[in-house]
Amino acid sequence: MAETNADVLAHAKVSSWFLGPRAENFSVLKELFNHVLDDQARARKKIYTDDPEFITNDMKNLSTYKEGLATLDFHLKELSDNLSATSVPFWSPRYNGHMNMDTAIPGIIGYMSAMMYNPNNVATEASPYTTKLEREVGVDLCKMLGYNVYENLGPPIAWGHITCGGSVANLEAIWAIRNLKFYPLSLKLAMEEGAPLHFLAHATPAFEVLTCRGTTEKFRGEKKKFTDLSTWELLNLTPDTVLDIPTRLDKEYSISPAFLQSALRDYLAQTVGKDYLEKKFNIKPGKFFLSATKHYSWPKGGAITGIGSANFVDVAVDEDARMNIEDFEAHLDECIAGEDEGRYTPVFGAVAIIGSTEHGACDPLEDMLKVRTRFQERGLSFAIHSDAAWGGYFASFVGDIDKFIPSKPLYLVPAMTLSPHTDAQLSVLGLSDSITIDPHKSGYINYPSGGLCYRDGRMRYLVTWTSPIVFHEGDALESMGVYGVEGSKPGASAAATWLTHKTIGFQENGYKRLLGEAVFTCTKLYCYWATMTRDEDDFLVVPLIQLPSERRPAKGIEPADPEDSEDRKKRIEAEKERIREKILGASTEDLVKDKESWAFLAKLGGDLMINAFACNFKVDGKPNTDVGEANYLNQRLFQRLSISAMRDLKDKNPPIILTSSVFGEKAYGKCLSTYKTRLQLDDGVSPAHGDLRFLVNVTMSPWPADSDFLGGLVQSFRDIAEEEVQRCVRRNRLTADVHGFIMQGGLTDDDEDAPIYLTHMPMFHKANHRWQVIVKATFPPEVRALYRDLRAKNPDKFYTAANTAPEFLDKLLSDAAGTEWRMDEGVPMDGAEPLARFMLSSVQVIVKESMSFSGLDQTYPDRMPFYLYGSRAEIHIDHVLKTAPNAFINSDRVGLDVTPELTDEQLGKGVIAVLDTVVEKSLQPLTLKGKEQEVILDSPGLSLVKGKEHRVSIYESYEDFKSGNAKLASGTITLQENVFADWAMTNMDGADAH
């Protein structure tokens, strides 16, 4: 292409910012670093020129000096060799895992440059220049996010600073918002008689403030004397009103900032703690509201600040994993239900996630701001924080560009714009009270570089902490280190961010160009995931974000066709075919020229450069409906397409690197149930319960959009997925098989006809054996006699029965008389001769419970339950398997002493015996020994050994036990025979079974 082509020049500029997947720009870095090293040497030599050299040539010739350098050289090579061999190749376009990519050259050289001077931005005396750079970075971030930084435009004036990461920025935001909420209460205490500000209560003119309602259009200008405000009104003064109080006290009453700080110190939440203020004013603990897609740092911050993680309340999400605004309003309604303000719940704040970690979803910030205004009219106010750790730099997109007109054709990669929804949320970021933004994420800057910006810079004074050793007179305007959570922090991070901002810039061909190219690549990957599955395939790939043809009509409008109509399926398939032909089948140049297809592409995919998708499979053409098995498939794919250990890069060499997470059923609600239906895990009528594992690709690289390269990555994924689907089929295809049973009872001395019970040896992960079965069987007399004799001679051994020829379990149970069986000592090896071959004359099923995922509990029971069955002459137990992983544990001829005594009828049907002394949930997974995974039955807390007595409660059913219904009986149970236990086979991967 001609050099004059503007798009060639634009992409070439992007290419100049990175070292390159194949080290294409390493000569540039070497040249730059040589310059930095030369400057470092000059800096040391040009100051204190009269000082002598302290490391002399004679010293360098000594053996110990040379030995020290040799040691360094040896271990440096060890370090560098291991790093190069085992580090995750973030620089490769094959890496699509976490929010990481090749860091920008200016970030690398900027960090290296400053690092050698080791500035500490805790104080200006330790970092005069890098502190200045951090202030400039803060201004950059504030401007990009839509905050005002110009004093001539009037207040509020924004302020921002660097943190070590988004988690610390979120923690600081929680801290600041907490202190903001309690500040009016502290001021009220400081104005009481005898307190330092008591004179303000009687000042003329009276100190008045805008009420919460007074900041809205409906009640514009409503004011009250500060001393006349109720506790609830004090708690709900708006952030602007609270932050303006110190300024107003200085201007209107000449109360200096220094005196105000001193006067309030003993009353602030910082000093007395929030619990003191809540108790003093008799208020309920406050809450934060944020969507279920929240980062884990939010509840963690709640724990650290004393608010409590439980008070960070999940708001439901919609089908795009964005906050459900109706549910948000419902939560706020609950906070102010009734007429008694004393029973209301304060709201500290609401958090809008601008680019969720696992799906890139943007919460509806625009609607959240409108909701806050409506509730301010009702007297409820709170801060709004935007967690834009991932999405912040996408604010560089906001402008007047037509969102559906593409750039001119570009060599390799065009730049895409964002969806109207995403653009709308980014456009109102500047109305948030505070914003988290991470330069080390979508800013392409090396760790550690997080950031926090305040719409009103005065908010930072709420989290100011000074020390005489690091803060001196005159530092207030210069120092960055006195604000926030951190003390010492590297000035190198500020230098790296500053230089990257100066190099890339926020203009049209800066961050917007870079991120736009990555958005294009990510959207093309979405197209591959959305169209990969065809009717004839045995595997299904379904992105979380629906195609336009899949979306339901707007709320309140009935769909034109039933959900499962053939017409709708045809529309979806036609849209997929359009994507295959017009987008994936076209060259990049042709795609950009095709304005209709480009406009269609802009409507596809998620909000911010992340694709969440999950896989399912078919067995003999029928979709799998077991969520556990879908989780197995997605976990297997993650294991093969990720790097989590040092040897993985060499041993696995994944062709594309992804990451994985889990949709929690409670947190994702309707969003997840809809997604399961689309994955064909249920039919939309009978819900498939359980959390769902899914895969994630975060595409930050601008390089791999070429159809051949990107298509090759996707084909590699498909090849691996097909292999893993075959494993799933082996686990889940029902086939005839050999079924083993532990033999129990039949040993009563005075009853040669005492029945023998058989407990099926189950497997959680093999469809043929995914059943817990207990039967009563009638054996031939000679086999019964042999069995009784062997048990008498070998009381420590177990005996098993199994069908000799493969058969379906249901057939065995319904037609045992037509099947040949064998008896063995223990579990026989392949080819071993049986102790006996025989036919059973009858089989009576006592227990038959599915062990498929849908039939299992999500948590282990409080106490350990067993099936209890037999007769009063012989009573047997078998561990209830309702949670995986677990152990198959049973014993026969137990001693039972309960009141009231159980009848033969109850024992014949089977009941549930719960060992009150064995707290199963605290023991799982059970203690195992050796490669054979032998269950340690005498481990503390378990004690399932011969002669051991346990307190026991008897229930009619497992459901009665779980529900806490009345017991049938209680007393003790004693293990009188040895206990059989298996872990390895019960939990083994059914794809490996034979």
Side-chain angles (χ1 to χ4, degrees), residues 212 216-218 236 286-295 298 310-338 344-356 358-387 391 419-429 431-433 544-546 548 550-559 563 606-608 612 663-678 684 687:
C212 171
T216 66
E217 191 65 35
K218 186 176 180 180
N236 287 282
K287 298 183 181 297
F288 273 87
F289 292 106
L290 62 174
S291 74
T293 63
K294 66 183 182 298
H295 190 259
W298 286 102
N311 288 317
F312 281 70
V313 180
D314 282 353
V315 179
V317 294
D318 63 17
E319 292 182 358
D320 294 313
R322 303 166 182 156
M323 178 185 283
N324 182 311
I325 203 70
E326 289 83 9
D327 192 55
F328 176 48
E329 289 193 74
H331 279 295
L332 295 177
D333 278 327
E334 289 178 10
C335 291
I336 54 174
Y344 290 175
T345 299
V347 178
F348 286 110
V351 180
I353 312 297
I354 307 299
S356 56
E358 296 163 342
H359 350 76
C362 281
D363 284 340
L365 173 60
E366 190 174 30
D367 291 334
M368 293 173 68
L369 291 163
K370 293 175 182 177
V371 167
R372 177 170 69 171
T373 298
R374 291 200 295 271
F375 276 86
Q376 284 173 340
E377 291 176 353
R378 298 167 61 186
L380 176 66
S381 183
F382 48 87
I384 289 185
H385 176 87
S386 287
D387 185 352
S419 72
H421 166 83
T422 306
D423 190 73
Q425 311 323 308
L426 294 172
S427 296
V428 295
L429 266 178
L431 299 178
S432 308
D433 295 297
L544 173 68
I545 302 303
Q546 300 177 63
E550 291 183 276
R551 293 186 177 276
R552 293 180 174 87
K555 187 176 180 180
I557 301 176
E558 290 298 320
E563 276 293 296
D607 293 338
L608 287 176
F663 287 123
E665 191 167 37
K666 180 180 178 182
Y668 283 83
K670 185 66 166 60
C671 172
L672 180 55
S673 63
T674 298
Y675 191 39
K676 287 175 180 175
T677 299
R678 293 172 56 224

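Remember, it's a predicted structure, so these values are computed and weren't measured experimentally.
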### Message
Keeping Asp327 on the side-chain end and Ala316 on the backbone end, is there a donor-acceptor pair under 3.5 Å?
### Response
yes

### Query
How far apart are the closest heavy atoms of His359 and Leu544, and which atoms are they?
CD2-CD2, 4.0 Å

### Query
Can you name the residues that form a ring pair (Phe, Tyr, Trp, His ring centres under 6.0 Å) with His331, not counting sequence neighbours?
Phe289

### Query
Partners of Tyr344 by ring pair (Phe, Tyr, Trp, His ring centres under 6.0 Å), sequence neighbours excluded?
Trp232

### Task
Tell me, please, which residues at least two apart from Asp433 pass salt bridge (Lys or Arg N to Asp or Glu O under 4.0 Å).
Arg372, Arg455

#### Entry: Residues that Glu366 engages under salt bridge (Lys or Arg N to Asp or Glu O under 4.0 Å), provided they are two or more places apart
none

### Task
Evaluate the side-chain proximity of Arg374 to Val371: yes if any heavy-atom separation is below 4.5 Å, no if none is.
yes

### Query
Checking side chain to side chain contact (heavy atoms under 4.5 Å, CB included) for the pair Arg378/Asp333: CA distance, chi angles, key distance, verdict?
CA-CA 10 Å; Arg378 298 167 61 186; Asp333 278 327; 2.9 Å; yes

#### Entry: Residue pair Phe382 / Val347: nearest heavy atoms and the distance that separates them
CB-O, 3.3 Å

### Message
If you apply the rule side chain to side chain contact (heavy atoms under 4.5 Å, CB included), what do you find for Phe328 with Asp367, and how did you get there?
### Response
CA-CA 10 Å; Phe328 176 48; Asp367 291 334; over 6 Å; no

### Task
Grab the two heavy atoms, one from Gly391 and one from Leu426, that are nearest each other, plus how far apart they are.
O-CD2, 3.8 Å

### Query
With Ala352, which residues qualify under side chain to side chain contact (heavy atoms under 4.5 Å, CB included), at least two apart?
Ile354, Asp363, Leu365, Met368, Ser386

### Query
Looking at Ala321 and Ala361, what are the two nearest heavy atoms and their distance?
O-CB, 3.4 Å

### Query
Got a sec, which residues hit side chain to side chain donor-acceptor pair (under 3.5 Å) with Asn311, two or more places apart in sequence or on another chain?
Lys287

### Heavy-atom pair with the smallest gap, counting every atom of Val317 and Cys671
CG2-CB, 3.8 Å

### Message
If I take atom CG from residue Asp387 and atom OG1 from residue Thr293, how far apart are they, to the nearest 0.5 angstrom?
### Response
9.0 Å

### Summary
Sequence neighbours excluded, the answer for side chain to side chain contact (heavy atoms under 4.5 Å, CB included) partners of Ser673 is Lys670

### Query
Rounded to the nearest 0.5 Å, how far does CD of Gln546 lie from CD of Glu319?
5.0 Å

#### Entry: Side-chain donor/acceptor of Asn236 to backbone N/O of Ser381, under 3.5 Å
yes

### Query
How close do Leu608 and Cys362 get, heavy atom to heavy atom, and via which atoms?
CD1-SG, 3.4 Å

### Task
Please name all residues satisfying side chain to side chain contact (heavy atoms under 4.5 Å, CB included) with Glu665, sequence neighbours left out, ordered by chain then number.
Leu672, Lys676, His689, Asp691

### Task
Using modelled atom types only, decide if a donor and an acceptor are shared between the side chain of Glu377 and the backbone of Thr373 within a distance under 3.5 Å.
no

### Pairing residues for His385 by the ring pair (Phe, Tyr, Trp, His ring centres under 6.0 Å) criterion, not counting sequence neighbours
Trp298

### Interatomic distance, Phe348 atom CZ to Phe288 atom CZ [nearest 0.5 angstrom]
6.5 Å

### Task
Identify, with sequence neighbours excluded, every residue that meets salt bridge (Lys or Arg N to Asp or Glu O under 4.0 Å) alongside Asp320.
Arg322, Arg551

#### Entry: Listed partners of Lys370 passing salt bridge (Lys or Arg N to Asp or Glu O under 4.0 Å), at least two apart
none

### Task
Evaluate the side chain to side chain contact (heavy atoms under 4.5 Å, CB included) criterion for residues Glu334 and Thr345: first the C-alpha distance (whole Å), next the side-chain angles of each, then the deciding distance (0.1 Å), finally the verdict.
CA-CA 8 Å; Glu334 289 178 10; Thr345 299; over 6 Å; no

### Value rounded to 0.5 Å, distance of CG in Asp607 from CD1 in Ile545
6.5 Å

### Summary
side chain to side chain contact (heavy atoms under 4.5 Å, CB included) filter on Asp314, not counting sequence neighbours, yields Ala292, Lys294, Ala667

